[in-house]
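Let me begin by presenting the structure, written as structure tokens, before commenting on it.
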Amino acid sequence: MTHTADSPAPTRRIARERLARKREKVRAGAAAMRRETFHAGMWATRAPVWMWPALLVITGIGAALRLFRLDFPHRLIFDETYYVKDGYSVFNFGYERSWPDEADDSFNAGDPSVIESTPEYVVHPPLGKWLIGWGIDLFGADDSFGWRFTVAIIGTLTIFLLGVIAWKLFRSAFFACVAAGLLAIDGEHFVHSRTSLLDIVLMAFVLLAFFFILLDREQVTKRLATWTQSTTKSPSTPTFAEVAPTPESNPSKTTSTSTSTPTEATASSSSDPDEVPSTPSGPGEVPRTFPTKLSESVSSAVPVTEAAPPTAGARRRRQIKSRDVMNFGPRLGVRPWIFAAGISLGLATGVKWSGLYALAVFGTLLVLWDVHSRHRAGVVHPWLGMFIRDSIPSFFKLVPIALVTYVACWTGWIRSDDAWDRQWAAENFGWWRVLPEWLDWLPSLAHYHYTAYSFHVGLDSEHPYMSNPWGWIVQWRPTSFYYESYDKGDMGCTVAKCSSAITSVGNPVIWGLAALAVLVCLIVWIIRRDVRPAVILAGLAATWLPWFAYQERTIFTFYTIVMVPFVVLAVTYCLTLVWGRVPVRGLASPGPSTKQRFTRISAALFARRLSVGLILVAAILAFAYFWPIYTGEVIPFSAWNNRMWNITWR
């Protein structure tokens, strides 16, 4: 072979190839060690029975608090002037119609007949308004309880949902109840559950998608645990670094390798990860695939013939197949929870376009979590395994499903003839004229979205309650939804001046710890490589970080309702760290003493747990103290002023 000056010398090329093979052997050895120690871990733990009624009790209390005097005030407040009236219009006509200038007074009086027949230009998708309209249709347009009924139910359900999510993440029934309780007494969540806005509906669908991603991870981890157990029970299989058998090798002395195929790993996913099928320990033992008696009866009735030794080609194909499985991991089969997450994210986007941020971040989370799981399961090349096995199927299960779901939210607009911009394609000439008649709505909908996007990015008008995302994590500038001032004798006022306010400010105890909790989650993720704080931070990244790109746009602190559940999860995670664990001694010889219900703890651990209890009590007391400005109670002006702990809250 002739080689030029530009090509490497043969000795150098051989050295590189040897180094590459050596590195591959090291990777394969490390992967084999990870396979031996991989298990389902916390994902295999079942919740105690008492957790479910406890969560139901907490949810019931939250529902009672949210439904109490839900009809007050009997008038449209804040952005209810848009979403309640649009909800009535969408539910009755399929799209938003315009209202006259003084429509609020008529609507407050229970007369929605003043609605006009012309369409109204709105910049938010219709799904949230459909849900609000359902409550209005259920109780009547003259009942302010019905205006807010849907959001109250949705907010209540998210309390239970967050408790289940906390259980999935922390595997502690106590802290699952803590997370649900903290969400139930957070002021921002409470106020949004009693005000008919779109944001809490958006939050519910984002949180539901997050829950489905956790369920998918639980399923994937159990499947990988079953696969690793089946491979560790079998003889070692070749990898890229191993040399293929030479023709001179003796077939009779070659032991066949046995690994589980991707189909087998998928089929066994529903079984408990700790239960793996037994494999033959010797050449004469019958595998426990069938009952022993049946195997014996079959072997006695049918004469056993000596199987022909596999040919060299068969052995080679089997080795290649086993090598691919070890290097890239098994196929994980159908993952229905990704479908469910795609539907939820499509519904979230159908409420507000902010759901697109969650779609992007949660899609990235799925990719990175797949790589992490394959690495822990002992896959030699987890990144390649993710791209080969998971990336394309997961993409088509998530993004197109979300897109189809989002378009379905516009069904009322598509089926109408008079909605805003519905006839734009028919009134303007362009390439869309070649589309079939049943798709004539598509270019009109695209143009509608273009104009709505232009409105959003160009919104920079001044507002007294506009805020910057930097201050959201500490509730620097909360939004006032309702404020009325009364003199003595009005509305039960017994002093010279009274106030009635509904302010969307978070629980000061929870949000006072929020910034520290986020920082702790980041540090623990980096130092301990604990995936749980990383997942919580991903939720915060989806609901908070995108808003930093809109420094000049008019935005408000009440947008943080979407990040409230993840703030609660971050605070709860930090409380689990403070709570600590009771050290268990004598594990080598377990006896009755290790099964005692109560264990003596140290003074330091007692102090840590006492501090957790004090934080929870303080959060409950803070919610009770701020109750008047959450519900619009008429209180003396001095009492309202005492609750404005920050000058920026006024």
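Counting heavy atoms of neighbouring residues, nucleotides and ligands inside a 6.0 Å radius, atom CH2 of W525 does not exceed 12 of them. No more than 12 heavy atoms of other residues, nucleotides or ligands sit less than 6.0 Å from atom CZ of F396. Surrounding CZ of F548 are more than 12 heavy atoms belonging to other residues, nucleotides or ligands, all under 6.0 Å away. The local environment of OH in Y82 is sparse, with at most 12 non-hydrogen atoms from other residues, nucleotides or ligands closer than 6.0 Å.
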For this session: Give the C-alpha distance, both sets of side-chain angles, the deciding distance and a yes or no for salt bridge (charged side-chain N to carboxylate O under 4.0 Å, His left out) between K397 and D390.
Result: CA-CA 10 Å; K397 292 172 187 175; D390 302 327; over 6 Å; no
Problem set entry | V531 vs W369, side chain to side chain contact (heavy atoms under 4.5 Å, CB included): CA-CA, chis, key distance, verdict | CA-CA 9 Å; V531 72; W369 217 345; 3.6 Å; yes
For this session: Please step through side chain to side chain contact (heavy atoms under 4.5 Å, CB included) for the pair Q475 and T560, ending with a clear verdict.
Result: CA-CA 9 Å; Q475 296 285 293; T560 57; 3.7 Å; yes
For this session: Go through V122 and W420 one step at a time and tell me if the side chain to side chain contact (heavy atoms under 4.5 Å, CB included) criterion holds.
Result: CA-CA 8 Å; V122 296; W420 185 273; over 6 Å; no
For this session: Begin with the C-alpha distance, continue with both residues' side-chain angles, and end with the deciding distance and a verdict on side chain to side chain contact (heavy atoms under 4.5 Å, CB included) for L202 and L198.
Result: CA-CA 6 Å; L202 169 65; L198 301 180; over 6 Å; no
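No hydrogens or angles considered: a donor-acceptor pair under 3.5 Å links the side chains of D186 and W511. Residues D86 and Y95 have side chains that never bring a donor and an acceptor to within less than 3.5 angstrom of each other. Donor-acceptor pairing under 3.5 Å is lacking for the side chains of Y357 and W353. With 3.5 Å as the limit, one finds no donor-acceptor pair spanning the side chains of R148 and T195. If you check the side chains of S467 and T557, you find a donor sitting under 3.5 Å from an acceptor.
Looking at R422 and D417, no side-chain N of the basic residue comes within less than 4.0 Å of a carboxylate O on the acidic one, giving no salt bridge.
Residues F455 and H124 keep their aromatic ring centres 6.0 Å or farther apart. Between W424 and W441, a ring centre-to-centre spacing not shorter than 6.0 Å is recorded. Between W167 and F175, the ring center distance fails the sub-6.0 Å criterion. No close placement of the F211 and W337 rings is indicated, their centers lying 6.0 Å or farther apart. W547 and Y559 have their aromatic ring centers within a separation under 6.0 angstrom.
You'll find the side chain of H375 stays beyond 4.5 Å of the side chain of M386, heavy atoms only. The shortest distance between side-chain heavy atoms of P533 and L522 does not fall below 4.5 Å. Counting heavy atoms from C-beta on, the side chains of W52 and V164 come closer than 4.5 Å. Inter-residue side-chain proximity for I159 and R66 is flagged as met; some heavy-atom pair is nearer than 4.5 Å. Side-chain contact between H192 and M203 is absent, with no heavy-atom pair separated by less than 4.5 Å. Considering only heavy atoms from C-beta on, L197 stays 4.5 Å or farther from V151 through its side chain. Using a 4.5 Å heavy-atom cutoff, the side chains of W544 and F566 are not in contact. Taking 4.5 Å as the limit, some side-chain heavy atom of I536 sits within range of a side-chain heavy atom of Y573.
The two atoms that bring S394 and D370 nearest to each other are OG-OD2, 4.2 Å, heavy atoms only. Taking both residues in full, the closest heavy atoms of F362 and A542 are given as CE2-CB, 4.2 Å, listed atom of the first, atom of the second, then distance. Counting all heavy atoms, side chain and backbone alike, F558 lies closest to D79 at CZ-OD2, 4.2 Å. Taking every heavy atom of both residues into account, A538 and V361 meet most closely at O-CG1, 3.3 Å. Here the shortest heavy-atom pairing between I200 and G155 reads CD1-CA, 3.7 Å. Nearest heavy atoms, R433 versus N428: NH2-O, 3.4 Å.
Atom CG of D199 and atom OG of S354 lie 7.5 Å apart (nearest 0.5 Å). Rounded to the nearest 0.5 Å, atoms CG (L345) and CG (L403) are 12.5 Å apart.
Using a 30° and 60° split on the angle between ring planes, F78 and F556 fall in the perpendicular class, above 60°.
A donor-acceptor pair is defined here as one N or O able to donate and one able to accept, closer than 3.5 Å; such a pair exists between the side chain of E80 and the backbone of S196. For S344 (side chain) and L208 (main-chain N/O), no donor-acceptor pair under 3.5 Å exists by modelled atom type. Looking at T150, its side chain does come within 3.5 Å of a backbone N or O of L131 through a donor-acceptor pair. A donor-acceptor contact shorter than 3.5 Å links the side chain of N92 to the backbone of Y88. With hydrogens and angles ignored, the 3.5 Å screen pairs a side-chain donor or acceptor of H449 with a backbone N or O of L445.
Remark: of the listed residues K168, R335, K222, R335 is the sole one forming a salt bridge (charged side-chain N to carboxylate O under 4.0 Å, His left out) with D216.
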